[in-house]
Amino acid sequence: MTTMQKLLQLPVNAVNIVKTVQSQVQGQEEDKSPVLTPDSGQHSWYNALQPDELRHLRSGGTGGGGGGGGDQEERAPLEEGGGGGSSGGTFQTQPLRHDDLKEMLDSNKDSLKLEAMKRIVAMIARGKNASDLFPAVVKNVACKNIEVKKLVYVYLVRYAEEQQDLALLSISTFQRGLKDPNQLIRASALRVLSSIRVTIIVPIMMLAIKEAASDMSPYVRKTAAHAIPKLYSLDPEQKDQLIEVIEKLLADKTTLVAGSVVMAFEEVCPERIDLIHKNYRKLCNLLIDVEEWGQVVIINMLTRYARTQFLNPNINESLLEEGGGGEKTFYGSDEDEDEDEEEKEKKAEVAAMAKRKPYVMDPDHRLLLRNTKPLLQSRNAAVVMAVAQLYFHLAPKAEVGVIAKALVRLLRSHSEVQYVVLQNVATMTIKRRGMFEPYLKSFYIRSTDPTQIKVLKLEVLTNLANETNISTILREFQTYIKSMDKDFVAATIQAIGRCATNIGEVRDTCLNGLVQLLSNRDELVVAESVVVIKKLLQMQPEKHSDIIKHMAKLTDNIQVPMARASILWLIGEYCEHVPKIAPDVLRKMAKSFTNEEDIVKLQIINLAAKLYLTNSKQTKLLTQYVLNLAKYDQNYDIRDRARFIRQLIVPTEKSGALSKYAKKLFLALKPAPVLESPFKDRDHFQLGSLSHLLNAKAGGYQELPDWPEAAPDPSVRNVEVKESVFTLLERVTTLTSVPEWTKCSSREKRKEKKVEKPFYSDSEGESGPTESADSESDSASGSESGSGSEESGSGSESEESEEGSESEEEEEEEEEKDKKKKKKELKKPVPETESEQSSEEEDRKIKRKSKQRKSDSESESDEDEESESESSQSESEDSESEIEVKKKKKTAEMKPPSKPVKKETKKEKKEMSLLDLDDFEPAPSPQVTPVNTFLSNSLVTDLEGLSLSDSVLSPATIAPSSVLKNYELLHRITGEGLSVEYCFSRQPFSPDANMVAVQMQFTNSATSDTKNLHMEDVKLQSGMRVKEFPEIELLSAGETAMAVMGIDFCDSTQAANFQLCTHTRKFFVSIQPPVGELMRPIFLTENEFKKEQGQLMGMNEITEKLTLDAKCRNEHAIVQRVTTAANLSRVPCGSDKECRFAGRTVTSSSLVLVTVATKEEGAAQLTVNCEKMVIGTMLVKDILLALTQ
Amino acid sequence: MIHSLFLINHSGDIFLEKHWKSVISRSVCDYFFEVKEKAVDPENVPPVLQTPHHYLISIYRGKLFFLSVVQTEVPPLFVIEFLHRVADTFQDYFGECSEGVIKDNLVTVYELLEEMLDNGFPLATESNVLKEMIRPPNILRSVVNTLTGGSNVGDTLPTGQLSNVPWRRAGVKYTNNEAYFDVVEEIDAILDKSGTTVFAEIQGVVEACVRLTGMPDLTLSFMNPRLLDDMSFHPCVRFKRWESERVLSFIPPDGNFTLMTYHVSSQNLVAIPVYVKQNINFFETGSCGRLDITIGPKQNMGKTVEGLMVTIHMPKVVLSANLTATQGNYTYDLTTKVLVWDIGKLNPQKLPNLRGSLSMQAGAPKPEENPSLNIDLKIQQLAISGLKVSRLDMYGEKYKPFKGVKYLTKAGKFQVRT
């Protein structure tokens, strides 16, 4: 008979067995009872509870017993035998009470049973032993009363391990429960069954888990997932079978199961990362709806997963790190002054990078980042921390910043939460200081903070210190030094020391401050200061002999051994700076030698030796004396040292070769100690983990793997390999491709490109390695913002599935209902894949798009998503349009730009081709004179811009300027056949980033050649600079040539005047920039934008109300017009009622922020925030014009 | 994950233990007691301790330590957050979270713990789900229970766990349908000696008490949501909706809950409602000191400042205080060295002042640092950031609920350095 069979037969005789077993146990119990007597205290507690009632219950119990069936009668003799004490009453009270309980448990009344169980559970809760009641309790496992049952379960789970045989009796009940029609009963049966730690039932548990894993009810499946680790800990041999169950449950599509099964995965088989592949996208998409505890586990697991599957998004940054020396400043430099420098550095590295494949983020990687981000808003600190560590370990550098705010928020939580968060922040600040710099003040210390929090905050403050904020931090430290909490003061002094070593500028200030502390009354403070000063002085001792002198005097007062030792070491080391004092100190020390601590003694010997070597005349005798004292010291270390030093320095006949080098040995130049943060290098532990907190590997910790060199095959995550999957992938790639403005900065890359390259490879290949990271977030948030009502059709698929469960109520508008229908359709087929969904969506999008085309033949957008969804169209179309554009270019070239009428016709032509053109990705809209912008003008320029971006050319090699909106510099007639036009190419001017690139096109329409075309006699307002275009040697008749010059306008719209010279003539010309050209776009996130905007209030903010032009009432048109009027970039925004743009002025890098908030009926409000008020005012005018005309 | 839980009172007695896996001897707590002995203040006990075989993660709430034992790697915040959730649940069930109340409800507590964790992994932490399974005690029920021998265990099965909105139980019915929202803002500030603000920020919380029948779907919108800088939401809030429209859309849990917490962007200037003129001096000789504090209104938006209270942690050498207060009264606790001046309502016509002398231990050197003042205050009917709820809409149910919004400003960690 197998155990299984035995067990299955159990129910039949269970009752009898219980009885016999009970009698046995009761027999034993009498022996045990004396052990239990010390519990009398507890007994009184019980009596105190409800003494009257107990009495009542007891009598009731016996009454009930009397009326009971045969069951009771059988029990009666037992009681007599066992309960001899109870009738005698003279025995201990303890067994009596337990008998009581048993009696109650055996009664027929549920109320009595319940009362008994409550008392038993209370015993367990207090940690008292109640194991002797097991047989009595276990009988009640089949009790009909759910309350009793529950308490019995509690008891069972607690004691089953100790009473394995008896516990088996209950199994049949659970087996029956597993078949119950009610899912909750099934679940609870499985839960208790799996909690009973009895090895013999492992096969039963296995069976039950397997069955439950395919249960109809997700709740039961969840319980099954919970049971897996329980069984695993009971019998690790079952691992293989359990992994099968885990695999099955991982495929589950409900949120209820997800968290629990990942938990099981982590406990049983965290190394089987391959099980995740197929479920990765599902987990990402479900994440937001999973309960919070599950979220934590899933996010932590996915962090590890992502580390094995994706490429390092900061790969190029790490490359830079290897190359450049000053990483530290490099990290902290989120400011813009450094940006240029950064860019240069990048260029320097371009060669190295070119060898590598440019980094493109895996769409799955992006999916993870995007879907976890909203969880930063969770109320659960653990979830926030989990997301934060995920971002820290996985996100591109530019995006990590979003976690700072959430983490700072956690600092307002309970002190335990603060403690953990601060530990993690401390580690983060070492790697990414810039991230927390804006929140510096949140780390200021209050006198009421617990010491451990204070010390951690101090650590963070120290890590955050840099040249710009050090003065504030030091001022803050000054208040801390006066604190009553001396441990904290000591820590502060250490922190000052670290600031001083890290930041050269303040070293002297810090040193002076610390020296002042030397006169502090508190000895601990002084001692700590001495130790820190010693370290600081070691860096530049020659400057500070007076400090050394001062410290020498302190030896009389300071008693803290470490401090004394430090002073002595200092004097010895720099004895030549204090030649007079040093011997005197030695003299004093020699006197007190015997009373000193060991470390001080060692330093005295040290000092003596050094002095002997430098100044033997004065100190010879003293040294001898000290060495003699040391020779007989109690400490063998000191004796050894004395002997060693004597041999080394005192010349004798036998003295070895070493003594010649004694001076070198003792007075060698010692490197200054590096004061390092204790949190350095902690980031190799996964942040937020216990191991990180303890800085030691905890049991069961899974190492955070390093990024792979090459990405493993991403197709393993495809759920079903269908064509549509690839379209999805492609779509996402393009979705996340680089927006136009980042490309400008990566023009080096661009140079290598051929113009005719197909769109795809173009956009992908071009993504500059680091920029792509930034830009992705841009487009990602762009797609998020698409969730507004108008745009909902084009919302990304992930969002739809996220909203799935709750979106029903939200949708009211007609259009949205359509969407809902569609979604439902999509959802019906159960094994639906995302890819299908998305492809269908794409179709829809295209349809929508074509509708739009019909209705609205006007300008079509350069909005990311739309254009990209189209991008799958055939290449031929692209090239076709290209040809068209080229044609137009020619027409444009032929016609002098000063004829508006003809321009109109030209425009109309272009409108036809426009439809094809919007396949292209958005391009920097070129310059338009804002004042006389015709409505359709923007169209033209838009077109031109598009074609320009397509024919990728570096500005250095001169782009075809004719396609841009041109300004006339020199008219054909005044120029005697030479006409010159210019435009602002909106490309960074590579020789000098502070200059605006002006692209000039020379056309020689005269009959003779023009030679030596160059600039001369540049007249500029002060501060302005010009980088002349290279001389054009020869411009033959009928030819055109182009050149790029750079002008630093000093952020003013003053004209740059100069002479244009040919070999025969000179022409006075001037270039005046519209204000919109004095800036360059920058990338900001929504939050950064708001933050910056918040800092530019008051005088720096200009607000205008306006009524939008009738044709400019959609978001797209607004974006287009604003970007045409000013060289700004779009900032992603959560609301579709607002468009935001950001840029910086070219010269001073002042921030320019533009917000257009639309209201009903074309009413709108324009807000410009700019540090430069003049620029702001002008910009408001220009944008106003652009939007209203 | 979480292996065992021990509840320990202030004096170091373990009065409850619960094990979710095999039993761990309570002697493991000795490591904790050792550290606790060393730490002067219970708050200074590090929340995470390492012992040879276990890790101890503890929180300190309501003069109780919740000490959990962990054997393997687990995010510490996970445990800490969970322990706080346990404490919150006790608070929710019994009105307070203290030793006495837990001892009185030992069985209920034990049942709760049993339901909240399964094998150390959180199972049901939503108070609505728990309340369905284990009914919170109330007077009526305990009377009935004594008579009938009933218990607090719910006899219905907890269906909340199965639903899409686990935070709300099904079939809620009220005769009076009402929804109240309290916007409570706290000013955290550090002012320096001269009264200039070193650091100030506002954080707020929207507490809700919603008693509505059925499954209402609420939308709460603000007049000026742009003020909000950083927020965290109850899981019921639809995040996407907030992102796109800046409205809070949610199916509320039944009863009291925290809808959101927020932080007002630090760029906005924080109005500091009171100013403090203080002068605390300790003299070199004579072992005495002088104290003179005056509080006056500053930017209080025309509202009265109430519940004004000043707490000062005096240096150890201060033996007693002999002061006179023009308003309110003061107490000086000799053992903890805490001076509390309870002022009450701030009268702008007659500014409250506290002055007098402090006597110090003879012969002791004068303290180097002046103690900082912690200010407590309340302003009714005002959210100091200017945040305003504009409207509350209900969908999904037919009846008209009663809606109410209350504003309150409090001092959070409001400290004046001296």
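Just so we're on the same page: letters track the sequence lines, and every chain starts at 1. Because only heavy atoms are used, hydrogens play no part in the values below, and waters and symmetry mates are left out as well, while side chains stay in.
The residue among A/V384, A/T448, A/V157, A/T472 with the most heavy atom pairs within less than 4.5 Å of chain B is A/T448. Ranked by heavy-atom pairs shorter than 4.5 Å toward chain B, the options A/Q423, A/R409, A/M484 are led by A/R409. No other option in A/S447, A/S415, A/G700 has as many heavy-atom pairs under 4.5 Å with chain B as A/S447. Contacts with chain B were tallied for A/Q452, A/E162, A/R475, A/K482; A/Q452 has the most, counting heavy-atom pairs under 4.5 Å.
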- Task: Please lay out, stage by stage, how A/R191 and B/E115 fare under the test salt bridge (charged side-chain N to carboxylate O under 4.0 Å, His left out).
- Result: CA-CA 11 Å; A/R191 194 179 151 202; B/E115 290 299 335; 3.3 Å; yes
- Test side-chain contact (heavy atoms from CB on, under 4.5 Å) on B/I59 and A/H414 and set out the steps. CA-CA 9 Å; B/I59 63 162; A/H414 303 284; over 6 Å; no
- Query: Passes salt bridge (charged side-chain N to carboxylate O under 4.0 Å, His left out), A/K405 versus B/D229? Steps please.
  - Reply: CA-CA 9 Å; A/K405 192 183 276 179; B/D229 179 34; 2.8 Å; yes
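Listed by chain and number, the residues in a side chain to side chain donor-acceptor pair (under 3.5 Å) with A/Y480 are A/E476 (sequence neighbours excluded).
In terms of heavy atoms, B/P76 sits closest to A/G688 at CD-O, 3.0 Å.
You'll find the side chain of A/S195 stays beyond 4.5 Å of the side chain of B/N119, heavy atoms only.
Put simply, the side chain of A/R379 never gets that close to the backbone of B/M260: no donor and acceptor are under 3.5 Å apart.
A salt bridge links B/E201 with A/R412: the distance from a Lys NZ or Arg NE/NH1/NH2 to an Asp or Glu carboxylate oxygen falls below 4.0 Å.
Heavy atoms of B/V198 lying under 4.5 Å from chain A belong to its backbone as well as its side chain.
Aromatic ring centroids of A/W293 and B/F121 lie 6.0 Å or more apart.
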